[in-house]
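For reference, the structure discussed in these notes is given below.
Position 1 is the first residue of the sequence, and the numbers go up from there. All figures in this text were calculated on a predicted structure; none of them were measured in a lab.
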Amino acid sequence: MQNLRVLTGITTSGTPHLGNYVGAIRPSVRASRPAGVQSFYFLADYHALVKVGDPVRVQRSTLEIAATWLACGLDPQHVTFYRQSDIAEIPELTWLLSCVTGKGLLNRAHAYKAALDKNNAAGDDPDQGVSVGLFMYPVLMAADILLFNAQQVPVGRDQVQHIEMARDIAVSFNHLYGEHFLLPAAAVEAHVATLPGLDGRKMSKSYDNTIPLFAPREQLRKLILSIVTDSRAPGEPKDTEGSAPFQIYQAFASAPESAALAQAYADGISWGEVKQALFERIERELAPLREVYDELMQEPAHIERVLRDGAEKARASATPFCARLRQAVGLRALERAAPAAPGGKAARLARPAFKQYRQSDGLFYFKLLDAQGRLLLQSAGFATPQAAAAAIAHLQGRGSAALAEMPALQPQPGQSQALASALQELSKAGGHKRFA
Ligand code: ADP
Ligand code: TRP
């Protein structure tokens with residue numbers, strides 16, 4: 001049996017925070033460990049360009065995120081760990097996919113819609129500040145996933161729509177060109193909610209409300225102390241529901257630990273004590289990882305080598321697969337005519353066709369072939385191509401009835417039934433294909 005293929009990426013648009021760790025990094029490192037799993041992890045630096053126009057930040061973030069992943073236990077010997085922009089097949093596949101992706105599908109993407117809604121609410125032009133890169137974001141992401149035929153994609157909840165779109169795009173491509181892609185599914189950690197940030201909204205680089213994953217110990221403590229809470233005094237019972245420190249605690253603690261803290265809330269623990277408990281719980285998990293991270297950050301050349309080796313490993317499957325896809329869509333060497341993709345729409349669409357040609361007698365002829373290329377009808381010679389085309393148009397308009405009126409046409413013996421149905425099909429389809 002083939003290994004289960006798991007793939008995930010993280011956008012190199014800033015410093016990784018606790019939300020990225022809980023929602024993406026930790027679950028995906030865990031998912032990479034079992035035997036029988038083939039994992040792909042990458043730094044989505046092309047995606048970063050959609051949001052970040054600062055080259056220094058993109059580079060810095062790429063280093064930080066690579067170091068984060070390695071520090072959190074990703075083993076580049078066991079998984080394929082690479083940088084998106086090292087794989088030229090990804091933008092190449094993005095183009096192939098964009099040609100089978102309905103614009104309407106992308107119109108429905110949350111991020112794009114949010115940008116439009118914001119502009120509309122402000123009374124601005126709806127497309128103000130919206131790049132084509134933002135619009136195409138889901139297609140690039142589909143290419144990331146489909147290029148490696150990943151079946152499982154560990155992501156946070158906010159990314160689920162993108163995985164669904166990747167499925168839709170894969171279905172469209174397969175429908176047209178044959179079964180090349182497996183359909184990916186999102187894998188969302190069931191018990192991990194979206195982590196709130198310092199201000200209680202979703203923790204996100206875009207809101208500037210994050211706790212950096214490897215902030216130095218003292219900074220981590222300070223940031224945790226600054227998480228917003230309500231104004232209940234020590235001794236007053238407190239609600240765990242909607243409490244940011246509690247939600248973050250839960251993401252690190254075991255079920256009994258969380259239950260104990262919930263009890264402490266009910267018993268009127270002070271916010272200061274809650275935050276101290278949160279700090280200690282997080283620090284217990286992160287301190288050993290931070291040490292490794294700090295060392296790795298001093299070794300950018302080492303990380304560069306790791307990523308280049310990873311890219312080579314990734315290309316070992318991406319390059320031949322992309323070549324197969326190029327072949328499937330018709331980007332082919334010319335010396336050999338290849339058959340239509342088996343099972344694809346191109347094959348299913350094969351239908352009767354008129355072929356028009358000129359012979360050495362200087363006259364213009366046409367013939368009608370069935371879907372398998374068998375001759376159904378042969379014309380006599382016409383003086384001009386226009387006369388031949390007019391005869392074809394007449395046939396298409398009137399169907400079999402026209403045969404009796406056109407003595408220059410010679411139905412093939414024994415094919416009258418096939419000829420009648422071919423003419424019917426052609427008149428239904430409306431218009432005929434261009435001639436060879
Ligand atoms: P950000 O919102 O900070 O820009 P990204 O969009 O780069 O984060 O997200 C990277 C990964 O981390 C994604 O899989 C995303 O779902 C996950 N993630 C981001 N923020 C959170 C959060 N607050 N809670 C849980 N997971 C998150
Ligand atoms: N868009 C994802 C995010 O912001 C990152 C990403 C890019 C990704 N390509 C991917 C995640 C492919 C999973 C699979 O989090």
Side-chain donor-acceptor contact under 3.5 Å, Ser28 with Tyr41: no
Side-chain donor-acceptor pair present, Gln250, Ser258, cut-off under 3.5 Å: no
For residues [X] and [Y], determine if any side-chain heavy atom of one lies less than 4.5 Å from a side-chain heavy atom of the other.
X	Y	value
Trp271	Ile227	no
Tyr112	Asn107	yes
Glu257	Leu261	no
Glu179	Asn174	yes
Val171	Leu183	yes
Val100	His175	no
Leu106	Pro138	yes
Ile163	Ile145	yes

With sequence neighbours excluded, residues passing side chain to side chain contact (heavy atoms under 4.5 Å, CB included) with Ile282: Leu18, Leu220, Ile224, Ile248, Phe252, Leu278, Leu286
CA sep, side-chain torsions, deciding dist, call: Glu64, Lys205, salt bridge (Lys or Arg N to Asp or Glu O under 4.0 Å): CA-CA 14 Å; Glu64 287 173 344; Lys205 288 179 284 260; over 6 Å; no
Ring pair (Phe, Tyr, Trp, His ring centres under 6.0 Å) evaluation trace for Tyr82 with Phe148: CA-CA 13 Å; Tyr82 56 98; Phe148 296 98; 5.5 Å; yes
Lys NZ or Arg CZ of Lys313 over Phe40 ring: under 6.0 Å, within 45°: no
Any residue meeting salt bridge (Lys or Arg N to Asp or Glu O under 4.0 Å) with Arg217, in chain and number order, not counting sequence neighbours: Glu283
Plane angle bin for His162 and Tyr137 - parallel if under 30°, tilted between 30 and 60°, otherwise perpendicular: tilted
Mutual orientation of the aromatic rings belonging to Phe181 and Phe321 [parallel < 30°, tilted 30-60°, perpendicular > 60°]: perpendicular
Atom pair OG1 (Thr80) and CZ (Arg5), whose distance is rounded to the nearest 0.5 Å: 8.0 Å
Salt bridge (Lys or Arg N to Asp or Glu O under 4.0 Å) evaluation trace for Arg326 with Glu89: CA-CA 11 Å; Arg326 290 177 60 96; Glu89 287 82 359; over 6 Å; no
CD (Gln59) with more than 12 external heavy atoms under 6.0 Å: no
